[in-house]
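Throughout, a chain's letter reflects where its sequence line sits, starting with A, and its residues are numbered from 1.
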Number of protein chains: 2
Amino acid sequence: MTGPRGYHHGDLRRALLAAAVDAITDAGPAALSLRDLARRAGVSHAAPAHHFGDKAGLLTALAVEGFDLLAGALCEAGDLLDAGVAYVRFAVDHRAHFEVMFRPELYRRDDPEVTAARDRAGAALRAGVAALPRRETDPDQEADALAAWSIVHGFVTLWLAGALPPGTGPDPEAAARTVIRRLFD
Amino acid sequence: MTGPRGYHHGDLRRALLAAAVDAITDAGPAALSLRDLARRAGVSHAAPAHHFGDKAGLLTALAVEGFDLLAGALCEAGDLLDAGVAYVRFAVDHRAHFEVMFRPELYRRDDPEVTAARDRAGAALRAGVAALPRRETDPDQEADALAAWSIVHGFVTLWLAGALPPGTGPDPEAAARTVIRRLFD
DNA sequence: TGGCTATCTTGTCAATGACAAGTTAGGCTG
DNA sequence: CAGCCTAACTTGTCATTGACAAGATAGCCA
């Protein structure tokens with residue numbers, strides 16, 4: 001789908017996505033400029049439109065990439081604690097993807113590729129919860145999944161926003177572990 | 001500080017903030033346009049700059065308003081479960097404020113008014129956790145506060161992003177209650 | 001009554017997103 | 001191998017926007 005063979009540029013589509021990741025990591029998705037990406041890639045101001053249509057198209061492609069990366073990271077995790085930590089690590093390491101993925105007004109959330117990738121990530125998430133040893137007190141797996149997802153998503157969102165107090169420490173994964181343990185103890 | 005008395009417009013500052021809330025609720029903070037706000041308020045395109053300096057200034061004012069509203073909502077809550085539900089209700093009812101507050105790249109996060117308002121909200125949050133009956137197994141209040149904040153913040157962020165599965169139901173407060181109970185059971 | 005100052009307007013500029021039309025180059029067909 | 005065909009990219013343009021500068025207006029006060 002990406003077409004890794006090069007025509008004029010080599011692989012402009014990939015270069016633009018990489019440049020977008022850099023730009024978003026620096027200044028957030030709101031400050032993203034297609035013309036700036038074109039400059040970074042050394043092409044004309046209208047070249048990005050050919051590959052992505054418009055800005056929303058580019059961010060849609062980024063979201064697809066992000067959900068696939070997330071699904072991969074979650075699948076590699078062992079138990080639910082690992083999966084939670086992997087979620088946090090993904091968000092920190094791929095901050096640009098993460099920030100776009102959960103801001104649907106920035107891209108075409110109903111795009112078939114996006115929904116497919118989102119479903120893959122969702123399935124990986126639920127697989128982690130299903131692997132949890134059942135507690136006889138409450139067999140509601142849906143609510144368990146929702147609580148687990150909420151706590152890791154909230155933690156890393158606050159972490160990325162710089163909203164957490166300094167006492168949280170410098171390592172997001174360690175802090176996340178502590179928090180997740182409070183949910184399933 | 002706001003200057004509720006009117007000169008030419010009446011209270012342009014407040015009118016612009018209200019228009020900004022509407023615009024952000026409709027299309028997100030990224031799509032916000034100062035000129036559009038001016039049109040909605042029936043003033044010239046440069047009038048907003050007088051009151052807020054620039055776009056970041058306007059969003060800074062919105063963030064201050066948001067943290068104060070949140071602090072008020074949390075203070076009125078009884079126990080920690082109430083506070084969590086109040087947090088969710090605040091985010092849903094004041095979506096525009098909430099979306100700006102936790103996106104520090106959009107405003108001047110070091111503005112004195114913002115830091116003061118943020119501290120007030122943080123104090124209200126911790127007060128709710130401190131009121132929780134101590135569990136002898138783990139007396140770490142900091143981690144309790146972090147876990148509680150994470151789970152409600154994550155839940156409502158996912159809710160607002162439309163990322164939750166349909167099975168979650170139509171009422172965010174009820175779903176939040178179920179999720180929060182899983183943390184302190 | 002005269003000025004003072006906050007409030008708001010008019011005018012302008014560079015940057016941007018989107019679109020239209022043209023150009024280039026790799027590959028395919030005959 | 002010649003010619004075309006189409007994807008990839010460029011050039012040009014326009015409306016919109018944020019920011020700034022300079023001017024006009026109106027309430028208030030000495």
- Message: Nearest whole Å is fine: how far is dG17(C) C1' from Leu32(A) CG?
- Response: 12 Å

- Under 3.5 Å, side chain of Tyr107(A) to main-chain N/O of Met101(A), donor-acceptor pair present? yes

- Item | Closest to side chain of His45(A), choosing from dT9(C), dC9(D), dT13(D) | dT13(D)

- Note on the structure: Of Arg39(A) and Ala49(A), the one whose nearest nucleotide on DNA chain C sits closer to the 5' end is Arg39(A)

- Message: Can you measure Phe52(A) atom CZ to dG17(C) atom P for me and round it to whole angstrom units?
- Response: 14 Å

- For His51(A) and dA7(D), give me the distance from atom NE2 to atom P, rounded to whole Å. 12 Å

- Message: So that I can tick it off, tell me whether Asp54(B) and Arg108(B) are bridged by a salt bridge, with the cut-off set at under 4.0 angstrom between side-chain N and carboxylate O.
- Response: yes

- Message: Under 6.0 Å between ring centres: does that hold for His97(A) and Phe102(A)?
- Response: no

- Query: Between dA19(D) atom C1' and Lys55(B) atom NZ, what is the distance in whole Å?
  - Reply: 12 Å

- Per Arg35(B) side chain, nearest of listed nucleotides dG11(C), dG18(D), dT9(C): dG18(D)

- Could you check Gly53(B) against Ala46(A) and say which one's nearest nucleotide on DNA chain D is further toward the 5' end? Ala46(A)

- Please tell me which of the listed nucleotides, dG17(C), dT9(C), dG18(D), lies nearest to the side chain of Ser44(B)? dT9(C)

- Task: Look only at the side chain of Arg126(A) and the backbone of Ala145(A), and say whether a donor-acceptor pair between them is shorter than 3.5 Å.
- Result: no

- Item | Length of the CG-C1' vector between Asp36(B) and dT17(D), whole Å | 11 Å

- Considering just the side-chain nitrogens and oxygens of Ser33(B), establish if one lies under 4.0 Å of OP1 or OP2 belonging to dG18(D). yes

- Task: Applying side-chain contact (heavy atoms from CB on, under 4.5 Å), run through Asp110(B) and Val114(B) and close with a yes or a no.
- Result: CA-CA 7 Å; Asp110(B) 295 331; Val114(B) 170; over 6 Å; no

- Query: Tell me: CG of Leu58(A) to P of dA18(C), nearest whole Å?
  - Reply: 11 Å

- Query: Do any side-chain nitrogens or oxygens of His50(B) fall under 4.0 Å of OP1 or OP2 in dT7(C)?
  - Reply: yes

- Message: Ring centroids only, cut at 6.0 angstrom: are Phe90(B) and His94(B) within range, meaning strictly under it?
- Response: yes

- Message: In this structure, how many angstroms lie between the C1' atom of dA15(D) and the CG atom of Asp54(A), rounded?
- Response: 17 Å

Side-chain atoms of residues 20-35 of chain A: list all donor-acceptor pairs with protein atoms under 3.5 Å, sequence neighbours left out, distances to 0.1 Å.
residue, atom, partner, partner atom, Å
Thr25(A), OG1, Val21(A), O, 2.6
Ser33(A), OG, Arg35(A), N, 3.3
Ser33(A), OG, Asp36(A), N, 3.0
Arg35(A), NH2, His45(A), ND1, 3.2

- Task: Check each residue of residues 15-23 of chain A for a non-hydrogen atom within less than 4.0 Å of any atom in DNA chain D, then write out the ones that pass by number, or none.
- Result: none

- Indicate, with a heavy-atom threshold strictly under 4.0 Å, whether Leu37(B) touches base, sugar-phosphate, or nothing. nothing

